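Heads up: numbering here begins at 1 and tracks the sequence. Counting starts at 1 for both ligands and their atoms, following the listed order. None of these values were measured; they are calculated from a predicted model.
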Amino acid sequence: MRNKIKACEEVGIRSLSHYLPANATQKEVIELVRALAADKSVHGILVQLPLPKHLNAKEILAEIPAEKDADGFCAENVGKLTLNDESGTVSCTPYGVMELLKRYGVSLCGKNAVVVGRSNIVGRPMVLLLLNADATVTVCHSKTQGLKDICARADILVSAIGKAKFITADMVKEGAVVIDVGMNRDAAGNLCGDVDFEGVKNKVSLITPVPGGVGPMTIAMLLQNTVTLAERAELC
Ligand code: GUN
C-alpha cells in the first residue's frame with residue numbers, strides 16, 4: 001500500500017487512504033466502500049487483500065461498482081476480460097505482465113504459454129489475457145499431474161504459485177521467457193520468487209527478477225487502470 005500511495009503522488013493522482021482497525025465489522029467496511037462509490041470525486045476504489053478472516057471479502061468487493069473497479073476484480077470486469085472485451089479494467093499483476101511482454105517485444109501469437117497458479121488475482125486473468133493475445137495456453141495448479149514436463153514445453157512460463165524457488169532449470173525450456181510473479185521468503189528469510197533465478201537465468205532468453213520485476217508493474221497498471229476509469233467517467 002505504501003508503494004501504491006507513493007506512486008500516486010509521483011504521477012499526480014490524488015489518493016485517499018482509509019485504515020480501519022483489524023476488528024472492523026463487515027457493516028463498517030461496506031459503509032465505507034458505499035460512501036466512496038457514491039463520491040463523484042473518486043474515480044477508482046481498491047480494497048487491499050487479504051482481509052481479516054472475519055470479513056466476507058466477496059461481499060465487500062461486490063460493493064465496488066464496475067466503473068470504479070481499479071483492481072479489475074468484479075464479476076463484470078472479469079466477464080469482459082473473458083469475452084475479450086477491452087472496455088473493462090484488468091487485474092493489475094497479469095496486466096503488468098502483458099505490458100512487460102509487449103515492451104520487451106515478446107510475440108505471443110501461437111506460442112505455448114504455461115501459467116502456474118489459478119488464483120482469481122493472477123492465474124485466471126493471466127490465462128485469459130494470454131489467450132486473448134492468441135497464445136496457446138495451459139494452466140497448471142497444485143493438483144496438476146506432470147507439471148514439470150508441461151512447464152518444460154513452455155515458450156512463455158508465468159509462475160504465480162507462491163512457492164520459493166519451485167521452478168528449477170530442468171523445468172524450463174532453452175530460450176524460454178520466464179515471468180516470476182512469486183513473492184516468497186527463502187530459508188534465510190530473503191525475498192525471492194517462485195523461480196530459482198540463479199539456476200535458470202543462463203538457460204532462458206528473458207527472465208524477471210524478484211524483487212524488481214513484476215512488482216513495480218502491478219503498481220504501474222493500477223495507476224493506468226485509475227486513469228482509464230477517470231477518463232471514462234469524464235466522458236460520460
Ligand atoms: N493483494 C495482493 N495483490 C493485490 C492486488 O492486486 N489488489 C488488491 N486489492 N489486493 C492485493
Side-chain angles (χ1 to χ4, degrees), residues 1-8 11 13-20 22 24 26 28-30 32-37 42-78 80-82 88-101 115-130 141 158-164 179-185 191-194 208 210-230:
M1 281 311 301
R2 203 171 46 240
N3 290 338
K4 289 174 181 176
I5 294 161
K6 195 165 145 248
C8 284
V11 300
I13 292 175
R14 182 182 67 121
S15 80
L16 310 167
S17 307
H18 297 269
Y19 294 94
L20 301 184
Q26 182 80 4
E28 283 168 334
V29 183
I30 285 182
L32 174 57
V33 176
R34 280 190 186 158
L36 294 168
V42 171
H43 294 114
I45 302 170
L46 83 78
V47 174
Q48 185 67 17
L49 302 175
L51 290 173
K53 288 225 168 10
H54 70 278
L55 295 172
N56 179 339
K58 198 171 151 192
E59 199 181 280
I60 291 166
L61 293 179
E63 293 292 335
I64 301 175
E67 61 277 9
K68 292 194 179 187
D69 178 19
D71 264 324
F73 288 171
C74 78
E76 186 175 329
N77 285 323
V78 175
K80 283 183 171 176
L81 178 63
T82 309
T89 47
V90 178
S91 182
C92 303
T93 300
Y95 193 16
V97 171
M98 294 306 284
E99 193 66 22
L100 269 179
L101 293 171
V115 178
V116 189
R118 55 175 162 175
S119 68
N120 289 347
I121 296 185
V122 184
R124 284 167 204 263
M126 191 75 252
V127 166
L128 291 164
L129 284 164
L130 289 164
H141 48 79
V158 181
S159 184
I161 42 163
K163 287 190 184 165
I179 307 286
D180 191 348
V181 185
M183 272 283 186
N184 315 296
R185 299 262 165 206
L191 193 61
C192 70
D194 288 349
T208 60
V210 176
V214 172
M217 290 307 296
T218 298
I219 297 183
M221 302 327 278
L222 174 68
L223 305 179
Q224 173 67 68
N225 274 346
T226 307
V227 170
T228 300
L229 292 172

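Between the side chain of Arg118 and the backbone N or O of Arg124 there is no donor-acceptor pair closer than 3.5 Å. With hydrogens and angles disregarded, a donor-acceptor distance shorter than 3.5 Å links the side chain of Thr89 to the backbone of Asp69.
If you number the atoms of ligand 1 from 1 as listed, the ones under 4.0 Å from a heavy atom of Leu46 come out as 9 (N).
Residue Asp194 comes nearest to Asp180 through the heavy atom pair N-OD1, 2.8 Å, listed as atom of the first residue, atom of the second, then distance. For the residue pair Tyr95 and Leu129, the shortest heavy atom distance occurs at N-CD1, 3.8 Å.
Here the shortest heavy-atom distance to atom 6 (O) of ligand 1, taken over Leu61, Val47, Asp71, Ile64, belongs to Asp71.
On a distance-only criterion, Leu49 and ligand 1 share at least one N/O pair closer than 3.5 Å. Checked against a 3.5 angstrom limit, the closest N/O atoms of Cys92 and ligand 1 fall outside it.
The nearest protein atom to atom 4 (C) of ligand 1, hydrogens excluded, is given as Ile121 CD1, 4.1 Å; this is a heavy-atom distance.
Defined by atom type and a distance below 3.5 Å, a donor-acceptor pair is missing between the side-chain atoms of Asn225 and Asp71.
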